[in-house]
Amino acid sequence: MTTGEQVVTINGRQVRLTNLQKVLWPEAGYTKAALIKYLLAVYPYMGPHLCQRPLVVTRWPDGICGKSFYQKNAPYHTPDWVETFTWESGEPERTIDYILCNNLETLVWLGNLACLEYHPWLSSIQQVNNPDFLIFDLDPSRPGSSAAVGEIALTLREILWKLGLEGYPKTSGATGMHIYVPLEAVYPYETVRKTAAFIASLVVAALPRIATTNRSVRQREGKVYIDYLQNARGQTICAPYSPRPLPGAPVSVPLTWEEVVNFTPRPYNIETAILRVNGVGDLFAPVLENRQSLKPVLSYLARKKVF
DNA sequence: GGGGAGA
DNA sequence: TCTCCCCAACGCGGG
DNA sequence: CCCGCG
Ligand SMILES: [Mn+2]
Ligand SMILES: [Mn+2]
């Protein structure tokens, strides 16, 4: 990929790649060719987490220092082999044709459009009202809170364990972490969100000096924000393996719990993650398999009349 | 990044 | 032919 | 109902 333009054929579909030499991450010098090389390499691991989920992307055609925009609707002249999902929301009535990244050629096509961030819905189009995971988004309000993030994640793991649930951690690729709790796709978003709120409150009770669920930035006092409100339709949590538009081209990477003990926020980027992922495989594979029930925690909450 | 509208 | 504009507006919850 | 937040 040294020339500026070429056509690749993937699964019999032709994808035109343009401006391959364009630098998207200036200080690291990573080009669009590097981005597409990464997407090709990571697709076997990332693809299953995007499949059949309405997708929102952020695009940075002039690189991470240039202008960017969100894209929800499939753009005009989207190739006919790109699958889409039409979502009609009411009040005001609006229709969005979401892209479904169901194959490699779609991901490469998106890469050519300079899509850096990939935000799939928590629910798939098969059960669009029922998320497949409950998530916790740990956001440090100050840089240098990495040790606190790791400690909170490990405490959260223990609390989940006591509730009969298993969580799976990944870096966000920015400063914090995401913990996914895979579920049976039978609970409405509101139930999942309220359950997440309850669990987050248990974590804050255990670690009140470093964790908070306060949504007011000023009242967080430098603590780590446990954001459970991302458990809503259309929210934008970046997918596992998604690159980030930040210096050095970091990516969101699944971690083992042992790695969380010494959490560092950006251990891998679009270049180094390839070796990592080919070595350990998809640590997030269980997130698509281990569909857990909220029944124990929901009956507990019903007894305590928390709801 | 690329299509469409308007000059 | 050139330049400019558009690409998302939403869910949540507290005051 | 608006506002702050992500
Ligand atoms: Mn976050
Ligand atoms: Mn957040």
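All chains are named by letter (A, B, ...) in the order of the sequence lines, taking the proteins before the strands, and each is independently numbered beginning at 1.
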Carboxylate-amine/guanidinium proximity below 4.0 Å for A/K194 and A/E190: yes
N or O in side chain of A/R233 less than 4.0 angstrom from C/dC12 OP1/OP2: no
Sugar-phosphate, base or nothing in reach of A/D62, heavy atoms under 4.0 Å: nothing
Between C/dA8 (C1') and A/L55 (CG): distance, integer Å: 14 Å
A/N112 vs B/dG1: side-chain N/O to OP1/OP2 distance below 4.0 Å: no
D/dG6 phosphate, OP1 or OP2, under 4.0 Å from A/R220 side-chain N/O: yes
Set of side chain to side chain donor-acceptor pair (under 3.5 Å) partners for A/R233, sequence neighbours left out: A/N129
Whole-Å gap separating P (D/dC5) and CD1 (A/I237): 18 Å
Out of D/dG6, C/dA9, B/dG2, whichever nucleotide has its closest atom nearest the side chain of A/D139: D/dG6
Polar side chain donor-acceptor pair, A/S123 to A/Y189, under 3.5 angstrom: yes
Which nucleotide in B/dG1, C/dA8, D/dG6 has an atom nearest any side-chain atom of A/F69: B/dG1
Give every donor-acceptor pair under 3.5 Å between a side-chain atom in residues 198-215 of chain A and any protein atom, sequence neighbours left out.
{"from": "A/S201", "atom 1": "OG", "to": "A/F198", "atom 2": "O", "distance (Å)": "2.6"}
{"from": "A/T212", "atom 1": "OG1", "to": "A/N214", "atom 2": "N", "distance (Å)": "2.9"}
{"from": "A/N214", "atom 1": "OD1", "to": "A/S216", "atom 2": "N", "distance (Å)": "3.0"}
{"from": "A/N214", "atom 1": "ND2", "to": "A/Q219", "atom 2": "OE1", "distance (Å)": "3.0"}

Nearest-Å distance for atom pair CD/P, residues A/E190 and C/dC10: 20 Å
Under 3.5 Å donor-acceptor pair, A/R215 side-chain atoms to C/dC12 base atoms: yes
Spacing between A/K67 atom NZ and B/dG1 atom P, to the nearest angstrom: 15 Å
Nearest-Å distance for atom pair CZ/C1', residues A/R193 and C/dG13: 10 Å
Sugar-phosphate, base or nothing in reach of A/T18, heavy atoms under 4.0 Å: sugar-phosphate
Residue A/Y225, side-chain atoms from C-beta onward, closest of C/dA8, B/dG1, D/dG6: D/dG6
base_contact_polar (B/dG1 base, A/R59 side chain, donor-acceptor, <3.5 Å): yes
Touch class at under 4.0 angstrom, heavy-atom based, for A/Q230 against every strand present: sugar-phosphate
A/R94, nearest nucleotide to its side chain (from D/dG6, C/dA9, C/dC12): C/dA9
Minimum-distance nucleotide to A/Q235 side chain [options: C/dG11, C/dA8, C/dG13]: C/dG11
CH2 (A/W161) with more than 12 external heavy atoms under 6.0 Å: no
Minimum-distance nucleotide (side-chain atoms of A/K32 versus C/dG13, B/dG1, C/dA8): B/dG1
A/R16 side chain, from C-beta outward: closest of B/dG2, D/dG6, C/dG13: B/dG2
Nucleotide nearest A/H77 (side chain, heavy atoms from C-beta), chosen from D/dG6, B/dG4, B/dG2: B/dG4
Touch class at under 4.0 angstrom, heavy-atom based, for A/V217 against every strand present: sugar-phosphate
Reported OG1-to-CD1 distance for the pair A/T106 and A/I99, which is rounded to 0.5 angstrom: 8.5 Å
Rounded P spacing from C/dC7 to D/dG6 in Å: 25 Å
Gap in Å between the two P atoms, one belonging to D/dC5 and one to C/dA9, rounded: 23 Å
Sugar-phosphate only, base, or nothing, as touched by A/K22 at under 4.0 Å among non-hydrogen atoms: sugar-phosphate
